[in-house]
Amino acid sequence: QVQLVESGGGLVQPGGSLRLSCAAIGSILRLKRMGWHRQTPGKERELVAVDTSGGGTNYADSVKGRFSISRDNAKNTVDLQMNSLKPEDTAVYYCYAEYCLNSGCFATRDYWGRGAQVTVSS
């Protein structure tokens with residue numbers, strides 16, 4: 001029922017910027033955590049940034065100060081502004097959302113987007 005639709009990936013030069021967007025669509029009672037992970041070939045998927053929905057955010061050390069996550073609860077969207085991009089930021093970026101299965105959010109289910117390719121190269 002729930003789908004995560006990503007947009008905004010592409011090719012950018014080192015030092016440039018990109019903005020990724022993700023929209024959750026479907027029958028949504030409530031979304032708890034929302035965020036972004038990334039993965040490169042041969043490496044495990046790693047957390048980039050997450051909004052915990054409890055007033056806090058977490059960033060990977062490698063992107064802290066360069067990336068910024070923002071969330072619109074009314075629209076069920078989450079964005080990732082990426083500045084000062086480096087070649088090592090090249091990866092497939094996946095949107096993540098934790099879907100509440102009841103009104104109290106005592107049970108949740110994880111959803112993932114299909115991924116957006118980000119390539120940083122001159």
Side-chain angles (χ1 to χ4, degrees):
Q1 293 291 326
V2 177
Q3 291 181 308
L4 301 180
V5 182
E6 300 140 325
S7 62
L11 175 65
V12 65
Q13 293 181 326
S17 298
L18 282 175
R19 188 177 184 89
L20 300 179
S21 297
C22 175
I25 60 176
S27 181
I28 301 173
L29 176 65
R30 177 188 169 192
L31 295 176
K32 197 173 183 180
R33 291 180 294 169
M34 294 191 76
W36 294 88
H37 292 63
R38 68 185 181 186
Q39 187 171 24
T40 58
K43 297 181 179 180
E44 292 186 351
R45 187 175 299 185
E46 64 174 348
L47 182 145
V48 177
V50 61
D51 185 315
T52 65
S53 192
T57 57
N58 292 310
Y59 295 91
D61 289 339
S62 59
V63 307
K64 205 167 188 177
R66 299 187 297 119
F67 291 11
S68 180
I69 189 171
S70 59
R71 180 175 178 175
D72 189 329
N73 290 322
K75 297 181 179 180
N76 290 321
T77 61
V78 62
D79 292 354
L80 183 68
Q81 178 66 44
M82 303 183 292
N83 300 321
S84 301
L85 283 162
K86 305 174 181 179
E88 50 262 44
D89 294 318
T90 297
V92 177
Y93 285 71
Y94 296 91
C95 179
Y96 162 80
E98 186 180 21
Y99 173 71
C100 299
L101 300 177
N102 52 54
S103 60
C105 205
F106 300 118
T108 63
R109 179 178 177 179
D110 295 339
Y111 286 90
W112 294 90
R114 294 182 179 180
Q117 178 68 51
V118 173
T119 302
V120 184
S121 177
S122 60

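Predicted, not measured: the structure shown is a model, and the values here were computed from it.
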Does some side-chain heavy atom of [Y] sit less than 4.5 Å from a side-chain heavy atom of [X]?
X: Arg71; Y: Ser53; result: yes
X: Glu6; Y: Tyr93; result: no
X: Ser103; Y: Arg30; result: no
X: Arg66; Y: Met82; result: no

Over 12 foreign heavy atoms within 6.0 Å of CD, Glu44: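 For Glu44, atom CD is not crowded (no more than 12 foreign heavy atoms under 6.0 Å).
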
Rounded to the nearest 0.5 Å, what's the gap from [atom1] on [X] to [atom2] on [Y]? Could you check?
X: Leu29; Y: Thr108; atom1: CG; atom2: OG1; answer: 12.0 Å
X: Arg33; Y: Leu31; atom1: CZ; atom2: CG; answer: 12.0 Å
X: Phe67; Y: Asn83; atom1: CZ; atom2: CG; answer: 8.5 Å
X: Glu46; Y: Gln39; atom1: CD; atom2: CD; answer: 9.5 Å
X: Cys22; Y: Leu4; atom1: SG; atom2: CG; answer: 4.5 Å

Contacts of type salt bridge (Lys or Arg N to Asp or Glu O under 4.0 Å), residue Asp79, not counting sequence neighbours: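 Asp79: salt bridge (Lys or Arg N to Asp or Glu O under 4.0 Å) contacts with Arg19.
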
Test log, rule side-chain hydrogen bond (donor to acceptor under 3.5 Å, both in side chains), inputs Thr57 and Asp51: CA-CA 5 Å; Thr57 57; Asp51 185 315; over 6 Å; no

Donor-acceptor under 3.5 Å (Glu98 side chain, Lys32 main chain):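 Pair absent, no side-chain N/O of Glu98 close to backbone of Lys32.
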
Side-chain donor/acceptor of Tyr59 to backbone N/O of Ile69, under 3.5 Å: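 Side chain of Tyr59 to backbone of Ile69: a pair is present.
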
Remaining members of hydrophobic cluster (4.5 Å side-chain criterion), Val50: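 Val50 clusters with Leu47.
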
Single hit among Leu18, Val63, Thr90 for side-chain contact (heavy atoms from CB on, under 4.5 Å) with Leu85: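 For Leu85, the side-chain contact (heavy atoms from CB on, under 4.5 Å) check succeeds only for Leu18.
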
All pairs passing ring-ring contact (aromatic ring centres under 6.0 Å, His included) where residues 3-31 contributes a residue, at least two apart: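 ring-ring contact (aromatic ring centres under 6.0 Å, His included) check on residues 3-31 returns no pairs.
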
Same apolar cluster (I L V M F W Y, side chains within < 4.5 Å links), Leu11/Leu80: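 No, it is not one cluster - the side chains of Leu11 and Leu80 are not joined through contacts under 4.5 Å.
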
same_hphob_cluster(Ile25, Tyr111) at 4.5 Å side-chain heavy-atom cutoff: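 They do not share one cluster, since no chain of ILVMFWY contacts under 4.5 Å joins Ile25 to Tyr111.
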
Review item, side-chain donor-acceptor pairs of residues 114-122, under 3.5 Å, at least two apart:
from: Gln117; atom 1: NE2; to: Ala91; atom 2: O; distance (Å): 3.4
from: Gln117; atom 1: NE2; to: Thr119; atom 2: OG1; distance (Å): 3.3

For Ser84, all residues meeting side chain to side chain donor-acceptor pair (under 3.5 Å), sequence neighbours excluded: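 Residues passing side chain to side chain donor-acceptor pair (under 3.5 Å) with Ser84: none at all.
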
Partners passing ring pair (Phe, Tyr, Trp, His ring centres under 6.0 Å) against Tyr96 (at least two apart in sequence or in another chain):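 Only His37, Trp112 meet the ring pair (Phe, Tyr, Trp, His ring centres under 6.0 Å) criterion with Tyr96.
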
